[in-house]
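Contents: one structure, followed by commentary.
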Amino acid sequence: MKFRTCAAIAAFGLCAAGSVWAGDYKVGQIEVDDLWVRASAPGQTNGAGYLDIDNDAKTPDRLLSVTSSAAERVELHTVQTENGVARMRQVDGGIAVPADGEVKLRPGGYHVMFIKLKAPFAEGGTVPATLKFERAGEVAVQFKVKPAGHMPGMDHGHGGMKH
Ligand SMILES: [Cu+2]
């Protein structure tokens with residue numbers, strides 16, 4: 001019964017069942033963990049997602065794209081500062097993951113941009129997504145929704161930033 005409820009809610013892109021949250025994910029020699037988004041502020045239609053990607057392989061890989069039922073579309077972004085103004089830019093060709101290395105998507109840098117959310121991200125819930133790697137393939141993941149004020153400091157929130 002609990003699972004049923006969860007599945008129904010998941011159709012709107014959010015699922016609050018804690019048991020679904022596994023913490024980290026593996027596909028090939030890629031390990032993904034610490035996936036999170038901030039809870040949406042009122043009226044906010046986009047959301048940024050962050051995660052760590054570890055590559056144990058002897059060959060580099062690349063995060064090519066992300067899809068999610070929680071948003072109309074999903075892009076990979078980075079933040080570049082020009083004339084003192086931080087602007088988000090779509091990443092061409094995906095995000096490189098070095099051989100035997102890692103890449104961290106963090107506020108102020110690379111992030112997964114969920115555009116036109118189907119429902120606001122609710123604190124304590126999860127956001128389903130599928131990550132597609134060039135070599136390792138696809139992996140279904142859940143981003144955990146953290147409080148709106150999580151990791152303050154460089155708030156690159158999408159209110160003031162133009163896409
Ligand atoms: Cu962005």
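When a ligand or atom number is given, it counts from 1 through the structure's own listing order. Note that the numbering runs from 1 along the sequence shown for the chain.
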Heteroatom of His77 nearest to the Cu ion (ligand 1) (N, O or S, atom name):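 Nearest N/O/S atom of His77: ND1.
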The Cu ion (ligand 1): angle it makes with SD (Met113) and SD (Met88), nearest 10 degrees: 130°
NZ/Lys132: more than 12 non-hydrogen atoms of other groups inside 6.0 Å: no
Charged N-O contact under 4.0 Å between Lys104 and Asp34: no
Metal check, the Cu ion (ligand 1) vs Asn46 N/O/S, cut-off below 2.8 Å: no
Side-chain heavy-atom pair His111, Val79 within 4.5 angstrom cut-off: yes
Listed partners of Phe133 passing ring-ring contact (aromatic ring centres under 6.0 Å, His included), at least two apart: none
